[in-house]
Undergrad: 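What follows is a single structure, and I will ask about it in a moment.
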Amino acid sequence: MVLTRLKAKSERKLAKQICKVVLDHFEKQYSKELGDAWNTVSHPLSSPKVGIYTGSVFALLVADMFSSRDILTSPSCWQHAILFNRFNYPFELEKDLHLKGYHTLFQESLPYYPKSMKCYLSRIPSRMPSERHQIGNLKKYYLLNAASLIPVLALELRDGEKVLDLCAAPGGKSVAMLQCAYPGYLHCNEYDSLRLRWLRQTLESFIPQPLVNVIKVSELDGREVGDAQPEKFDKVLVDAPCSNDRSWLFSSDSQKAACRISQRRNLPVLQIELIRSAVKALRPGGLLVYSTCTLSKAENQDVINEILNSHSNMTPVDIKEMARTCSQDFTFAPTGQECGLLVIPERGKAWGPMYVAKLKKSWTI
């Protein structure tokens with residue numbers, strides 16, 4: 001009873017922190033773009049059964065229903081996946097997680113799911129304590145939104161490849177890449193100087209010294225990397241700056257939030273320029289994966305459609321099978337694209353938002 005009251009108090013406190021300016025903006029946009037995927041509640045019972053419940057039982061069921069909107073505005077429902085570091089494998093932690101009912105992500109494996117990657121999650125909202133950064137000691141695990149692994153897996157990484165992570169901070173996807181394969185060369189780029197420090201610290205915490213020699217960290221404008229290193233990379237990830245829905249909803253400064261929203265229309269221009277640079281950096285036959293952590297169609301499908309319409313050498317790669325394989329752990333909203341997936345948060349699957357698109361560079365004659 002005491003814990004219940006404390007949880008309720010905590011949720012009320014968090015609710016007060018939601019930025020109304022951002023929420024109102026999202027309500028207007030996402031209700032129109034996503035419809036039922038934004039507003040419709042989900043629950044563990046099928047709808048025909050709900051009608052047979054009455055009184056307090058029905059009220060209890062209604063209270064247990066959550067839409068994607070509800071999940072995004074309720075941090076107590078958020079989940080955190082645990083990505084193991086194969087360079088300092090936590091065997092004892094793995095035993096403990098099994099006893100607590102955690103399961104590995106992608107139990108129905110993708111054809112190209114690497115055995116070296118291990119990620120555990122629970123359907124119950126929970127969070128492991130983060131490990132402290134200690135110089136010279138490798139961390140054993142990385143906490144992340146499980147949907148963040150989808151763009152990494154979509155790259156189909158193999159040993160020896162040259163890989164570019166164009167907008168790499170804070171470094172979680174770079175760490176995940178190194179759990180999948182040993183690259184011949186990994187270039188992690190971050191233009192923002194503060195985020196660059198975060199990236200360097202993340203890599204230092206997870207990567208053993210021998211691998212450091214094949215990793216380059218740079219502070220370049222991502223829009224210029226393609227001209228500087230044309231057709232150098234086998235795989236490129238563009239995890240672009242976006243209107244990060246979860247973070248924006250809890251903006252502490254309403255004036256800054258309003259400014260962000262007014263400037264939001266400029267983000268697709270930047271995102272398109274980053275992808276165009278990535279296309280130049282990609283060798284013919286190579287794969288490009290674009291990702292964001294927003295539900296915004298303007299920053300997701302519209303950006304990819306613009307790239308496909310303006311680049312005859314880029315072709316969409318069908319990833320619908322990936323959605324079918326991952327449906328046990330993720331909920332997907334329609335995108336109208338064979339090459340694009342959109343993960344939306346749901347009760348028990350509170351991952352995302354995460355948009356992922358996969359393109360291939362063709363050989364020019």
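Just so you know, these numbers come straight off a predicted model, no measurement behind them.
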Undergrad: Is the shortest side-chain heavy-atom distance between V279 and M314 below 4.5 Å?
TA: yes
Undergrad: So, F84 versus Y141, ring centres under 6.0 angstrom or not?
TA: no
Undergrad: Locate the shortest heavy-atom distance separating P90 from N85; write the atom from each residue and the value.
TA: CD-O, 4.3 Å
Undergrad: What I'd like to find out is whether the side chain of K139 reaches to under 4.5 Å of the side chain of N88, using heavy atoms alone.
TA: no
Undergrad: Give a yes or no on whether the backbone of W248 and the side-chain of S251 come within a donor-acceptor separation of less than 3.5 Å.
TA: yes
Undergrad: Ignoring hydrogens and angles, state whether a donor on the side chain of D70 or S67 is under 3.5 Å from an acceptor on the partner side chain.
TA: yes
Undergrad: With a 4.5 Å heavy-atom cut-off, do V152 and C180 have their side chains touching?
TA: yes
Undergrad: With the side chain counted from C-beta on, respond yes when K349 and D329 share a heavy-atom pair under 4.5 Å apart, and no when they do not.
TA: no
Undergrad: What are the two closest heavy atoms between L143 and M128, and how far apart are they?
TA: CD1-O, 3.1 Å
Undergrad: To check you understand the geometry: which heavy-atom pair defines the closest contact between L287 and V317, and what is its length?
TA: CD2-CG2, 4.2 Å
Undergrad: When you measure from the centre of the six-membered ring of Y112, is the NZ or CZ of K358 under 6.0 Å away and within 45° of the axis?
TA: yes
Undergrad: Does a donor on one side chain and an acceptor on the other come within less than 3.5 Å for N305 and Q337?
TA: yes
Undergrad: If I take atom CZ from residue R200 and atom OG from residue S205, how far apart are they, to the nearest 0.5 angstrom?
TA: 13.5 Å
Undergrad: How about V343 and P353: do any of their side-chain heavy atoms sit closer than 4.5 Å?
TA: no
Undergrad: Do R158 and E161 have side chains that get closer than 4.5 Å, going by heavy atoms?
TA: yes
Undergrad: If hydrophobic clusters are built from ILVMFWY residues whose side chains come within less than 4.5 Å, do Y89 and L93 share one?
TA: yes
Undergrad: About how many Å separate CG of L288 and NZ of K235, when rounded to the nearest 0.5 Å?
TA: 11.5 Å
Undergrad: Under a 3.5 Å cutoff, is there a donor and acceptor pairing between the side chains of T294 and N244?
TA: no
Undergrad: According to a 4.5 Å side-chain heavy-atom criterion applied to Ile, Leu, Val, Met, Phe, Trp and Tyr, with indirect links allowed, do L270 and Y191 form part of one hydrophobic cluster?
TA: no
Undergrad: Within 45° of the axis and under 6.0 Å from the centre of the six-membered ring of Y182, does NZ or CZ of R86 qualify?
TA: yes
Undergrad: Counting only heavy atoms not in W78, do more than 12 fall under 6.0 Å of its CH2?
TA: yes
Undergrad: Search all heavy atoms of V22 against all heavy atoms of I261 and return the closest pair with its distance.
TA: CA-CD1, 3.8 Å
Undergrad: Do M117 and F106 have side chains that get closer than 4.5 Å, going by heavy atoms?
TA: no
Undergrad: Would you call the rings of Y355 and Y290 parallel, tilted or perpendicular, where under 30° means parallel and over 60° means perpendicular?
TA: perpendicular
